[in-house]
Structure formats: C-alpha cells, structure tokens
Number of protein chains: 2
Amino acid sequence: MSDELLRALDQAGVRLTGPRREIAALIAKRNGHFTAADLIADASKRRLGVGRATIFRLLDLLAEQGLVERVDLPDGRHAYVPCEPSHHHHLVCVACGAIAEVEDCGIDAVTAEASRRSGFTIDSHRLELFGRCPNCRSAN
Amino acid sequence: MSDELLRALDQAGVRLTGPRREIAALIAKRNGHFTAADLIADASKRRLGVGRATIFRLLDLLAEQGLVERVDLPDGRHAYVPCEPSHHHHLVCVACGAIAEVEDCGIDAVTAEASRRSGFTIDSHRLELFGRCPNCRSAN
DNA sequence: GCACACAATGAGACCCAGTATCAATCCCCC
DNA sequence: GGGGGATTGATACTGGGTCTCATTGTGTGC
C-alpha cells in the first residue's frame, strides 16, 4: 500500500521518519483525490499527533518527486492525487472523486497546432478532464 | 479600451456603477493576465476608494459573462485574463505574462480518446499551455 | 552498537486570497 | 424628481498554506 510511496522516497534520499510513514499510510488508504484538509482531519481523528506543517511538507516532497500531483478542481479547490511519475493527465470523477490517469493521447498534436498558430514556444501544459466514472454513470 | 467590457456588462443587464467603470478601466489598462491582488493594488495606488469586495464581485460577474477567465498559473497562483466569451484555451507567456487565445484545435479528439480508454464520460476540461511568446523568445 | 551532525518535527503565530455581513449609498425606471 | 432594490465599502471572518524556532529523531561513520 504505502510501501510504494516510502520506497520511492527512500530512493530519492529522503529520510523515512515516523510521521512520514503515517502520512503515507493515510494517503495509501484513500483512493482517488484528497485535499490537504482531508489528511489533516484523518490525522487528527486518529490522534497521530502529526502537525499540519508536516503534512504540507510531505505533500511538497511527494509532488517534487512526481508521486503526487496537484489538480485544480472545477470549483477552484486544490486536491492531490497519487500517481505515477511519468507524464500523464487526470480524469476526475466529479461525483465520487475517483481518478483515472491517461497517458498522452494526442495532446502533443494540439500543443503543436497551438504553437504554430500563436508563435509561442510551449514548455509545459496542464490538462484536466472532468466527468463521471463508469460506476457513477451507471448508478445514476 | 474598457468600453467593450462595459458594453457587454450593460447588455447583460448589469448596472454600470462608478466603481465598476473604474475597475473595468484598470483591467483594460493591463494587457495579459493579472491577479485580483494586482487590481487591488492599482486601485489603492490611485486612491480610487473601491473596496476589495467590490473588485472580487466584479471579477465574479465578468467571469460569469465569460469576459474574463480564471487560469491557474504553474506556480499555483490564480490569475484572470480578459477574453472572448467563446470556448477556447489560453497560452500564457511565463516570461512577460502575455496571453494568447486558441480556439479548439483538436482537443475534442483527445477527450474522446481519453473517454474511450477510461470509460468516463467527460463533461468539461481545462487546458492551459505555458511557454514563451514571440517577443520574449527573440528577446532572450 | 554509539555518538553526533543535521534534517525533520510540531505548536503556534502569521499571511494572503477570498467571502459574509450590514448599514449607507447609488442607479435606473417611472 | 422620487422610490426601491441593487451595489458599495468597511470590517470581520474563514480556510489554505507558510514561517519560525526550540525540541526531537534519523542515518552515518566509526
């Protein structure tokens, strides 16, 4: 579960402290996206005694390593999703919060076209897709 | 300059009050993106006496009318860009902040492909492209 | 196995963007 | 010109996130 996260952190030369293990476990226990506030609530509910700052710090670390990514929900809030370090994009289920990853599926052509039309060079992009996952679709 | 914004607001049945005219002028005077904080600073620098709340309220109104759009910069900050009401995406110059709009250029194919692979239905998406505008590219 | 240098921690103060409240004011329609 | 409802600004508040700093814990070299 959380082993994967921990292993990746270890390999990146990050110290594996108690609080970090606990937070990693909380993250692993969630599926789909979560907010920093979710983790903070989880932690306090279980009286883990980890501070807010520690949670934000770990999230930063994980984001740096590409193990977690920040997505901006349609309502403007921020959430994090655990994910593979390779480049990809996220599908977010607006009903239940489930996340799917999609590898590049033709976006390069889009950026190339946009670049051609505008004269900009494009360094990076952000693509987020919002909809309903198969479960929520059939449940409705 | 700001006439366009004001005209559009007027047509939407929004009252054209003094503060709104002034804020519209501030927006028109900027080119490229700006943050709410920028406008607030502008307003206070010129001692316009418009309150923070009024600025946020007008931005909401403009966003509702599609005259302005919120983009999330790569560093996580929020900015607004004045734009046409039709659906489109933004190219943001990370050097000078200039903005270009690109109409749909193949993104539908991407969302369709992502939908096919994941089983999600896709309601909406967000695409932002970051790079350098022609000016900044040659200036470097 | 131990000690040590230094990274990491948690508590709390702090900051900033954005929102809510509410009495006073201003627009627009008649 | 008058009236009613929308708008305004001051201010308090909220919530996410950062900073500080004394204390604690970790991995490394021995």
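Quick caveat: nothing in here was measured; it's all calculated off a predicted structure.
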Undergrad: Grab the two heavy atoms, one from A:L58 and one from A:A24, that are nearest each other, plus how far apart they are.
TA: CD2-N, 4.4 Å

Undergrad: Of B:D10 and B:Y80, whose nearest nucleotide on DNA chain C comes first from the 5' end?
TA: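 The 5'-side residue here is B:Y80.
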
Undergrad: Identify, with sequence neighbours excluded, every residue that meets side chain to side chain contact (heavy atoms under 4.5 Å, CB included) alongside A:S44.
TA: none

Undergrad: Rounded to the nearest angstrom, tell me the gap between atom CG in A:D38 and atom C1' in D:dG17.
TA: 15 Å

Undergrad: Just how far, in rounded Å, is P of D:dC19 from CG of A:D60?
TA: 10 Å

Undergrad: Checking B:R77 now: which residues fulfil salt bridge (Lys or Arg N to Asp or Glu O under 4.0 Å) with it, not counting sequence neighbours?
TA: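 In terms of salt bridge (Lys or Arg N to Asp or Glu O under 4.0 Å), with neighbours along the sequence ignored, B:R77 is linked to B:D75.
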
Undergrad: With 3.5 Å as the limit, what N/O pairs link the protein to nucleotides 8-11 of chain C?
TA:
{"from": "C:dA8", "atom 1": "OP1", "to": "A:R20", "atom 2": "NH1", "distance (Å)": "3.4"}
{"from": "C:dT9", "atom 1": "OP1", "to": "A:T17", "atom 2": "OG1", "distance (Å)": "2.5"}
{"from": "C:dT9", "atom 1": "OP2", "to": "A:R20", "atom 2": "NH2", "distance (Å)": "3.3"}
{"from": "C:dG10", "atom 1": "OP1", "to": "A:G49", "atom 2": "O", "distance (Å)": "3.0"}
{"from": "C:dG10", "atom 1": "OP2", "to": "A:G51", "atom 2": "N", "distance (Å)": "3.1"}
{"from": "C:dG10", "atom 1": "OP2", "to": "A:T54", "atom 2": "OG1", "distance (Å)": "2.5"}
{"from": "C:dG10", "atom 1": "N7", "to": "A:R57", "atom 2": "NH2", "distance (Å)": "2.8"}

Undergrad: Are A:T111 and A:D108 linked by a side-chain donor-acceptor pair shorter than 3.5 Å?
TA: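 On atom types as modelled, these side chains do not qualify, holding no pair under 3.5 Å.
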
Undergrad: What is the separation between atom CG on A:L58 and atom C1' on D:dG16, rounded to the nearest whole Å?
TA: 17 Å

Undergrad: Angle, rounded to 10°, between the helical axes spanning five pairs at each terminus of the helix from C:dG1-D:dC30 to C:dC30-D:dG1?
TA: 40°

Undergrad: Rounded to the Å, how far apart are B:D72 CG and D:dG17 C1'?
TA: 16 Å

Undergrad: Only pairs at least two apart or in different chains count here, so list each ring-ring contact (aromatic ring centres under 6.0 Å, His included) that has a residue in residues 6-56 of chain A.
TA: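 Of all non-adjacent pairs touching residues 6-56 of chain A, none passes ring-ring contact (aromatic ring centres under 6.0 Å, His included).
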
Undergrad: With sequence neighbours left out, write down each residue that passes salt bridge (Lys or Arg N to Asp or Glu O under 4.0 Å) with A:R116, or none if nothing qualifies.
TA: A:E113

Undergrad: Using atom CZ of A:F34 as one end and atom P of D:dG16 as the other, report the distance to the nearest whole Å.
TA: 14 Å

Undergrad: Which residues pass the side-chain hydrogen bond (donor to acceptor under 3.5 Å, both in side chains) test with A:R30, not counting sequence neighbours?
TA: A:D42

Undergrad: Rounded to the nearest Å, what distance is computed from the CZ atom of residue A:R77 to the P atom of nucleotide D:dG17?
TA: 11 Å

Undergrad: Within the pair A:H78 and D:dG17, is there a side-chain N or O less than 4.0 Å away from OP1 or OP2?
TA: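 Yes, A:H78 has a side-chain N/O under 4.0 Å of OP1/OP2 on D:dG17.
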
Undergrad: I need the CD1-P distance between B:I40 and C:dC15, as an integer number of Å.
TA: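 My rounded result for the distance is 17 Å.
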
Undergrad: ring-ring contact (aromatic ring centres under 6.0 Å, His included): which pairs involve residues 107-131 of chain A, sequence neighbours left out?
TA: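 Non-adjacent pairs meeting ring-ring contact (aromatic ring centres under 6.0 Å, His included): A:H87-A:H125, A:H89-A:H125.
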
Undergrad: Could you tabulate the donor-acceptor pairs under 3.5 Å formed by side-chain atoms of residues 65-74 of chain B, not counting sequence neighbours?
TA:
{"from": "B:R70", "atom 1": "NH2", "to": "B:H78", "atom 2": "ND1", "distance (Å)": "2.7"}
{"from": "B:R70", "atom 1": "NH2", "to": "B:H78", "atom 2": "NE2", "distance (Å)": "3.3"}
{"from": "B:D72", "atom 1": "OD1", "to": "B:H78", "atom 2": "NE2", "distance (Å)": "3.1"}
{"from": "B:D72", "atom 1": "OD2", "to": "B:R126", "atom 2": "NH1", "distance (Å)": "2.8"}

Undergrad: CZ of B:F56 versus C1' of D:dA12: gap in Å, rounded?
TA: 15 Å

